[in-house]
Amino acid sequence: MSELRALYQEIILEHNKKPRNFRKLDDASRTLEGYNPLCGDHYTLYLKIENDVVVDISFEGAGCAISKASASVMTTMLKGRTKEEAQRMFETFHKLVTGELTDISFETLGKLAAFAGVSEFPARVKCASLAWHTMRNALDAKSEPVSTE
Amino acid sequence: MHTYQDILTSKKSGSGFDPDLIRETFPILKATVHGKKLVYLDNAATTQKPESVIKALDDYYRHLNSNIHRGVHALSEKATEAYEGVRDKARQFINAASNKEIIFLRGTTEGINLVAGSFGRSNVGQGDEVLITGLEHHSNIVPWQMLCNHTGSVLKVAPIDDKGEVILSEFERLIGPKTRIVAIAHVSNALGTVNPVKRMVAIAHAHGIPVLLDGAQAVPHFRIDVRDLDCDFYAFSAHKMYGPTGIGILYGKQSILEAMPPYQGGGDMIRSVTFEKTIFNDLPHKFEAGTPNIADTIGFGAAFDFLNGLDWNAVSHYEHELLTYASEVIGAIPGVRIVGTASDKAGVVSFVMDDVHPHDIGTILDREGIAVRTGHHCAQPVMQRFGIPATVRASFALYNTKEEIDELVRGIYAVKKVFH
């Protein structure tokens, strides 16, 4: 059960229950879908970008607790960040969930640290990364929906 | 350790069916997962293999390995005899009229593709219709869609009701003058619904339309009699009936198979070849191009022996009890809803839980040693029909026990604990 507790951290369960920025963004400058065909996770990500800064971000959709909490936490962390910062955060998150980060602490990672347990569950890495991949493609102004399969 | 012979003996001594004894013959059931005893409830995906099947594969490569239908040497003759012997077992198993009606191929999917590719392309033209049901696995949807795209024909779908049963009046209404073939799952992989296929075949035949049955989920649960069903094609896979992966059977009525063009070209399916002209081999070899999957076919033979050795009245009774018990105890958990409540079901309990996604349930159950399938089960239209993205599916085999279902229930409560 301890690994399970590491995966389903309180912060993840809480964001799953009450996702932040869970709405449509009417004046979004970028809108992109992300889905995981295998388990049916499906989200739409909205980004409002001005002068290379994410001034607003939100999402809608449905999926497992890991994917939803990850999307929710991501939106809270990206608001006000530059595209470059968002890109760096994507890379950090990716290393975190694939077990490549050695320094895992709340001090360095903030709320992202809650996803450290994902690396013990290889089948769930794609759940955790879905929103992040979608965000990165949206920043690159790609229009094809993102699939994690 | 009990041997298969012990089980036969115990059957003969009148004890009917003993799941504990059966479990002894499946080595993998002793495995542990994440430090817990394995509870394998993903049998609709694939069943585990008895010792006898594993041994048959091993024996083949140790003592018999050789190509078939070619050599004059002793090994080749023995291998050919063993391979064709399985065809005979398969014929008896489904009560086909002739070995010519038994085509070996990779599995149910390839069987359906063969019919769509060969029968379909010769008999289904522009504006014609193919009728399937709303319960189908992707493997009984996509080959027909590909055929329709290729020929300009139209795919029609008989809808299902809230219980997960095909609405028969709609099914009959959709058979029209342009229908060329009907393709139906015998048992739904996602919900476990047993379709009244004998009646559906009769309805289609009354309109002169041939019927393919996808038997992948039916063969492990009941004895199939293709002549009684009167279906024109029946496709099934060894690995869902305790045999190896990569081998399956397409049954087809001889007269229909004779009229169909080959599906693939190559060795073994020809009688003579020149650069100008090829004369095709007779049935069933016409549809078996290239060196076949000899080893797994021989393993399949051991699976037929395993199933033939069982008291099927007792097995059916036991499996029915297991399913009834599982439906009761899982359905009684607060916040759990069973999807698919057909009056006739086999082997499957599919369910969803309030506020917890199936994928999260699957991960937590896995840590308890319980293997279930979560997702859309390659039947996305079924999920769409019920307005859900996915379900958790527990599917049962004859070696499962009530204790294992109790473990599953405990696991579901562990999920509730994590998600409070």
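Below, chain A is the first sequence line, B the second, and so on; all start at residue 1.
For A/Leu13, the part lying near chain B is the side chain, with the backbone staying farther off; criterion is any non-hydrogen pair under 4.5 Å. In this structure, chain B has heavy atoms under 4.5 Å from both the backbone and the side chain of A/Ala65. With a 4.5 Å cut-off on non-hydrogen atoms, A/Glu10 touches chain B through its side chain but not through its backbone. With a 4.5 Å cut-off on non-hydrogen atoms, A/Lys17 touches chain B through its side chain but not through its backbone.
Top candidate by heavy-atom pairs under 4.5 Å with chain A, chosen from B/Asp366, B/Thr363, B/Asp360, B/Ile388, is B/Asp360.
Applying the 6.0 Å contact sphere to CZ of B/Arg106 captures no more than 12 heavy atoms from other residues, nucleotides or ligands. By the neighbour-count criterion of 12 heavy atoms within 6.0 Å, atom CD of A/Glu100 is densely surrounded, having more than that number from other residues, nucleotides or ligands. Within 6.0 Å of the CG atom in A/Asn51, the count of heavy atoms belonging to other residues, nucleotides or ligands does not exceed 12. Within a 6.0 Å sphere centred on CG of A/Asp140, other residues, nucleotides and ligands contribute more than 12 heavy atoms. The neighbour count for B/Lys416 NZ, taken as heavy atoms of other residues, nucleotides or ligands under 6.0 Å away, is above 12.
A heavy-atom distance below 4.5 Å is not found between the side chains of B/Pro389 and A/His42.
Between A/Leu4 atom CG and B/Lys417 atom NZ the span is 11.0 Å, to the nearest 0.5 Å.
Across all their heavy atoms, B/Arg367 and A/Glu120 have their closest contact at NH2-O, 3.5 Å.
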Worksheet entry | Trace of the side chain to side chain contact (heavy atoms under 4.5 Å, CB included) decision for B/His357 with A/Asp41 | CA-CA 9 Å; B/His357 191 278; A/Asp41 295 347; 3.6 Å; yes

